[in-house]
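In what follows, chains are A, B, ... by sequence order, proteins preceding strands, each numbered from 1.
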Amino acid sequence: MVDANIILQFIVNGIVYGSIIAVGAMALTLVFGVLEFINFAHGEYMTLGAYLAFVFNVQFGLPIWAAFVVTLPLMAVFSVGADRIVFKPMRGDNHVTILIASIGLSFVLRNVIRMVWGVRKVGFKTPFFSGYKVGPVTVTPETIAIFLTAVAIMGLVHYLFTRTMIGRVMRAISDNQDLAAASGIHTERIVIYTWALGGAMAGAAGILIGLQNVIGPMMGYNVLLAIFGAVVLGGIGNVYGALVGGLLIGILQKVSVAFLPSSYQITIVFVVLAVFFVYKPDGLFRSTTTV
Amino acid sequence: MNQHTQSMSGLTVRDLVTGYGDMEIVHGVDIDVDTDDIVTVIGPNGAGKSTLIKSITGFIDVWEGRIEFGGATITDTRPDERAQEGIAFVPQSENVFPTLTVRENLQIGSYLDQDGFEEQKREVFELFPVLADRTTQKAGTMSGGQRQMLALARALMIDPDLLILDEPTAGVQPNLVEDILDLIKDINDDHGVGVLMIEQNATRALRRSDEGYVLANGEVAFHGDARTLLDDDEVAETFLGG
């Protein structure tokens with residue numbers, strides 16, 4: 001029998017890891033809601049965010065929080081630029097075409113990252129020291145910082161969605177693009193804001209992964225499946241669902257380590273995806289109750 | 001209630017040809033809607049009524065012909081630009097934002113005039129008191145009739161000159177059909193909003209209309225005074241169910 005304290009430790013690890021997955025999943029599902037396609041290059045957006053922050057943090061010597069803050073607007077600009085160059089010319093085409101283009105973009109980005117930064121894994125310079133015990137659970141200042149940052153991002157997104165016109169408009173387009181247009185909304189303009197927000201959030205998730213683990217060209221791709229799992233669990237296009245889905249996937253993956261070899265963590269995601277696609281393709285929460 | 005450019009001309013549709021893909025559905029239709037009037041388009045299923053409305057609201061391209069509103073040519077403009085000109089559109093289904101609350105639906109409705117939100121909201125709550133008690137309810141959880149009212153309210157938030165309605169009583173309980181049509185009449189009478197609507201309840205809609213068009217096979221088969229259409233034996237027999 002596995003020790004309950006160890007399970008508790010894994011749950012805590014899962015919540016922290018899950019909060020990162022949640023941020024990445026919220027970004028992916030947000031873009032899906034407005035543009036109706038799953039961006040397969042999303043993993044590389046995260047990786048790029050981590051490497052940009054690495055440049056500011058390690059090469060330019062900025063503190064990690066400053067590197068984080070500087071990277072986000074750059075990722076927003078990158079994400080909008082990638083849309084202009086790659087996706088916008090195909091808008092209105094077959095969805096599969098755009099999906100394949102995003103897979104192509106993913107390969108290009110991953111290999112450009114390899115060319116620029118190499119394949120050797122690197123890490124951020126942080127002032128954090130070793131962990132301390134809270135009851136039976138060990139936490140590190142890093143994990144606390146990661147978790148609080150993720151929660152802050154979720155709070156900001158919630159604020160944006162419920163208290164600002166631009167956020168409401170994003171949700172409205174996600175619900176019904178034509179009705180938004182009939183209300184006088186020029187959806188192409190909102191697409192820009194959506195990519196900016198999605199890119200910044202992807203970059204943030206990448207930096208948090210780099211803080212928790214290491215930075216490498218495959219880091220984003222490696223968590224992409226978990227992010228897909230979170231998005232499906234929450235109902236594709238449902239940002240709040242992706243938040244819950246991310247936390248659940250994170251906890252499931254980490255707790256599985258108590259029972260299964262740790263290399264099986266990704267299998268858990270496959271099982272969740274398969275079960276949900278067969279039995280609950282709309283996710284845990286139906287995003288609407290429309291007839 | 002009207003801040004938009006007033007024009008005697010209202011909506012003018014001339015020789016409109018449109019369709020989907022390679023299939024031409026509307027073959028040269030002329031329609032005029034004065035912004036004081038209620039104009040109802042009736043006709044059998046597949047006559048091209050919805051296609052016509054979609055091209056007037058900008059959701060499908062006009063192949064030939066022209067559309068003018070308030071004196072400006074809007075033939076090739078986007079749906080959001082037509083909304084800006086003062087044309088509000090309520091689709092037949094999926095006409096509210098289901099995951100948004102009633103209040104948020106109305107806020108999206110007043111996107112083009114956000115400062116006017118509170119005032120406009122007061123006016124639509126007078127028309128639809130049922131919505132005033134449900135501002136925090138998600139639109140997706142409302143009944144068909146309430147949702148239809150929210151859809152109308154959302155469209156009125158831009159303070160339109162012309163309201164275009166695709167079957168406003170579809171999916172509404174039978175006892176509410178008259179209420180909704182009366183509300184549309186009130187909106188037209190009291191707020192000076194022109195109405196162009198498609199309606200299955202042809203007789204009941206025409207009774208409240210100024211003018212009527214009968215669309216059949218993508219062409220205008222009859223056009224005239226609503227009363228004349230109601231009294232016309234041929235129209236009655238063919239399109240009003242005898």
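- By the 6.0 Å contact criterion, CD on Glu178(B) is enclosed, its count of non-hydrogen atoms from other residues, nucleotides or ligands being greater than 12.
- What you find for Met165(A) and Gln107(B) is that their closest heavy atoms are CE-O, 3.0 Å.
- Residue Arg82(B): no heavy atom, backbone or side chain, is found under 4.5 Å from chain A.
- Residue-level contacts of residues 23-35 of chain A with chain B do not occur; threshold 4.5 Å between heavy atoms.
- Counting only heavy atoms from C-beta outward, the side chains of Thr187(A) and Asp80(B) never approach each other to under 4.5 Å.
- Chain B forms more heavy-atom pairs under 4.5 Å with one residue of Asp178(A), Thr162(A), Ile185(A) than with any other, namely Ile185(A).
- Smallest separation of non-hydrogen atoms from Thr99(B) and Arg171(A): O-NH2, 3.4 Å.
- For chain A, no part of Glu81(B) is nearby; none of its heavy atoms comes within less than 4.5 Å.
- A search for side-chain contact (heavy atoms from CB on, under 4.5 Å) contacts involving Val77(A) returns nothing, not counting sequence neighbours.
- Side-chain N/O atoms of Arg154(B) and Ser183(A) include a donor and acceptor closer than 3.5 Å.
- By the 6.0 Å contact criterion, CZ on Arg189(A) is open, its count of non-hydrogen atoms from other residues, nucleotides or ligands being 12 or less.
- Using a 4.5 Å cut-off between heavy atoms, Phe59(B) contacts chain A through its side chain alone, with no backbone atom that close.
- Within 6.0 Å of CG on Asp61(B) lie no more than 12 heavy atoms contributed by other residues, nucleotides or ligands.
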Start with the C-alpha distance between Arg78(B) and Glu188(A), add both sets of side-chain angles, then the distance that settles salt bridge (charged side-chain N to carboxylate O under 4.0 Å, His left out), and finish with yes or no.
CA-CA 11 Å; Arg78(B) 295 189 309 263; Glu188(A) 192 58 38; over 6 Å; no
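- Without hydrogens or angle criteria, Asn176(A) side chain to Glu94(B) main chain gives a donor-acceptor distance under 3.5 Å.
- Among all heavy-atom pairs drawn from Leu112(B) and Gly184(A), the shortest one is CD2-O, 3.5 Å.
- By the 6.0 Å contact criterion, OH on Tyr20(B) is enclosed, its count of non-hydrogen atoms from other residues, nucleotides or ligands being greater than 12.
- The shortest non-hydrogen separation linking Ala181(A) to Ala83(B) is O-CB, 4.4 Å.
- The 12-atom threshold is not exceeded at OH of Tyr221(A), counting heavy atoms of other residues, nucleotides or ligands nearer than 6.0 Å.
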